[in-house]
Structure formats: C-alpha cells, structure tokens
Chemist: 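First the structure, which I've put down as structure tokens, then a few questions once you've had a look.
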Amino acid sequence: MRGIGLVMAGWLLATGLAPAQEYKSGIPWSEPKLVTPGTASTAPSDAIVLFGGKDLSAWNNGDKWLVADGVATAAKTGISTKEMFGDCQLHIEWATPDKVEGAGQGRGNSGVYFMGRYELQVLDSFQNPTYFDGQAGSIYKQYPPLVNASRKPGEWQIYDVIFTAPRFDSSGKLLSPAYITALHNGVLIQNHAELKGNTFFDRPPSYKAHPPKGTIDLQYHGNPMRFRNIWVRELKPLTVPEKKNPVADKK
Ligand code: MG
C-alpha cells in the first residue's frame, strides 16, 4: 500500500492535479427499509401474498376456482382481490392448458386487470396468431408486447409488472396516465407504456375517473388457466423525513 501511496503522490506532483472533491446530494433521505428477497417460489418479505399455494382467500370469488397441489385453476368466473392497490409491483406465474384447444383469442385466454380496468393480456401466444395488441403481454387493444417471449403450452410462465396508477383531480380530470412496465419470463415486453385508458373489448380506450386504489382481477375467459405464486408490493415514493428539531431549525 505504501508503495502505491508513493506512486500516487508522485503522480499528483507530476501532473499538478489534486484529487476531486466528492459530490454528495445532501438530501436527507429516509433510510431504505430492509427487504429480504424471495426465492424462485417465495415472495419478498414486504410483499402481500395473494396466492401462496394454499387457498384463494385473498380473492373475491376465489372459492369458485379450483386449488390443488399449490396451483389455482380458473373456473366459472373472474376473481378480484379483496384488498385494493394503486402503484404496485406484481409477480404472477401462469400456465396455459397442456392440451391445445381453440385458436386466437380462444386459446389459453385470461388477463391481469389492474384497478379492475387495465388489462395486461394473458394468452397462449406460442404459435397462435391473433391481433398483435391482443396477444400475450399486450396491453389489451393498446400496445403489442415489444417481443413475444411465450413458452410452449402447459409450461409455466412469469409476469413481473410495475404498474403506476393514473391520477385524477377532484373534478375527475386526468392529471397523469397509468403506466405499465412488464417482463415476460424475464424479457422486457412493456417499457413504461403510457395507457390511453380502460382496455375495453368493444370500444376505444378512454379514461373515467376512479379512486386511487382498486382491485387486481384475474379474468376467466372459458379456459382452465393455471396460476401460482402471486404476490404484490405496494409502491410508495421516496421520502425526506420532516425535520425533527424545530428549535434547532430556527437558528
Ligand atoms: Mg384476456
């Protein structure tokens, strides 16, 4: 080390350069909370587990679906979370039926609806052509996925999604739109895509004001889609704590 110090001192003398002074932002951020990351099959420590393999008690209509061997299978109707969410990170694993039946939108269809309104499409898009903004990973009828990262029918697939809720003012005017960033099997398929409104089946997208939090829904589209390992993390903005010592602050 001493040798290196001498070399540095010599270099400074030779160049006439002083070491740069370090820049720090000086912003008194709150300390980031500790989170224990999950594993391939478990959630991070601060996540809300929506389905961990045992039951769908976190969901309205959860009793209509079948749960066996750690897997929930869609049946009869869609399900929606009992808890409401705004900005969030969602992890969900899904598999289309092994036995290929139907075509296009009729094959392995489900969907993840944020706030009960904004659908990230779930579909068997392995060699199954349909309209591009309706295939797996599309924001339904708004944006195709950037690429098609689909696995074969019956194989487990993963969505990791960051959802930003839209903001409305008290008169119902849109202040900022919803955004979705999504990875499909680890591949980026939506990159901060700006939503144009609700993802309707029968009309163009449009916004209608709604509360700041809403349900996360899973669609039942007639196919026995399977799901496992579903968890969500609520996202909150970074904060700078209020100053704690008003007396000292008056100086
Ligand atoms: Mg769908």
Side-chain angles (χ1 to χ4, degrees), residues 38 41-43 47-86 88-126 128 130 134-141 150-151 153-161 163 165 178 180 182 184 198-202 208 210-211 213-234:
S41 58
T42 61
I48 296 164
V49 175
L50 296 174
F51 178 59
K54 283 191 192 134
D55 60 62
L56 288 168
S57 58
W59 301 77
N60 295 309
N61 285 326
D63 56 339
K64 307 278 196 320
W65 286 23
L66 310 168
V67 177
D69 302 323
V71 173
T73 302
K76 294 181 185 164
T77 185
I79 61 175
S80 61
T81 54
K82 291 177 180 170
E83 207 166 326
M84 306 277 186
F85 302 97
C88 63
Q89 173 187 356
L90 180 78
H91 175 95
I92 184 165
E93 301 181 18
W94 53 273
T96 65
D98 302 294
K99 192 178 162 204
V100 173
E101 284 180 349
Q105 294 290 310
R107 182 170 140 187
N109 195 332
S110 180
V112 181
Y113 285 81
F114 292 90
M115 311 191 92
R117 294 167 173 84
Y118 309 108
E119 184 186 9
L120 180 67
Q121 175 70 302
V122 171
L123 193 76
D124 181 353
S125 285
F126 186 85
N128 177 35
T130 186
Q135 70 181 66
S138 63
I139 295 168
Y140 189 64
K141 291 188 175 165
S150 297
R151 293 198 168 120
E155 293 186 7
W156 283 101
Q157 312 205 42
I158 303 169
Y159 279 166
D160 285 291
V161 189
F163 175 76
I180 286 180
H184 183 188
N198 290 25
T199 54
F200 298 114
F201 170 73
D202 57 356
K208 189 173 179 217
H210 55 74
K213 291 188 175 188
T215 58
I216 295 171
D217 302 355
L218 297 180
Q219 185 185 42
Y220 177 63
H221 200 283
N223 305 127
M225 297 289 291
R226 290 170 293 151
F227 294 89
R228 71 181 183 191
N229 195 21
I230 309 172
W231 51 260
V232 62
R233 295 180 61 247
E234 294 190 276

Chemist: For the atom pair NE2 (His184) and CG (Leu120), what is the distance rounded to the nearest 0.5 Å?
Modeler: 9.0 Å
Chemist: Keeping the roles fixed (side chain from Asn128, backbone from Gly104), state whether a donor-acceptor pair exists under 3.5 Å.
Modeler: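 Yes.
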Chemist: Quick check, are the ring centers of Trp231 and Phe51 under 6.0 angstrom apart?
Modeler: no
Chemist: I want to check something: taking the side chain as every heavy atom from C-beta on, are Leu90 and Leu50 in contact at a cut-off of under 4.5 Å?
Modeler: yes
Chemist: Indicate whether the side chain of Gln105 and that of Gln135 have a donor and an acceptor atom separated by less than 3.5 Å.
Modeler: no
Chemist: Check whether any side-chain heavy atom of Phe114 lies under 4.5 Å from a side-chain heavy atom of Ile180, and answer yes or no.
Modeler: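 Yes. Closest side-chain heavy atoms under 4.5 Å.
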Chemist: Does the ring centre of His91 sit less than 6.0 Å away from the ring centre of Tyr159?
Modeler: no
Chemist: Do the side-chain N and O atoms of Glu119 and Tyr113 include a donor-acceptor pair separated by under 3.5 angstrom?
Modeler: yes
Chemist: Assess Arg228 against Trp94: is NZ or CZ under 6.0 Å from the centre of the six-membered ring, and within 45 degrees of the ring's axis?
Modeler: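 Geometry flag: not set, cation outside 6.0 Å or 45°.
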Chemist: Answer yes or no: does atom CG of Asp69 have more than 12 heavy-atom neighbours from other residues, nucleotides or ligands under 6.0 Å?
Modeler: no
Chemist: Taking all atoms of both residues into account, what is the closest heavy-atom pair of Asn109 and Met225, and its distance?
Modeler: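 Closest approach of Asn109 to Met225: O-CG, 3.6 Å.
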Chemist: Taking the side chain as C-beta and beyond, is there a heavy-atom pair between Ile79 and Asp217 under 4.5 Å?
Modeler: no
Chemist: If I take atom NE2 from residue His210 and atom NZ from residue Lys208, how far apart are they, to the nearest 0.5 angstrom?
Modeler: 10.5 Å
Chemist: CD1/Ile216 to OG1/Thr81 distance, rounded to the nearest 0.5 angstrom?
Modeler: 5.5 Å
Chemist: Applying salt bridge (Lys or Arg N to Asp or Glu O under 4.0 Å), can you list everything that pairs with Arg151, at least two apart in sequence or on another chain?
Modeler: none
Chemist: Can you confirm if the NZ or CZ of Arg226 lies within 45° of the ring axis of Trp156 and under 6.0 Å from the centre of its six-membered ring?
Modeler: yes
Chemist: Closest approach of Pro153 and Pro97, non-hydrogen atoms and distance?
Modeler: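 Nearest heavy atoms, Pro153 then Pro97: CB-O, 3.7 Å.
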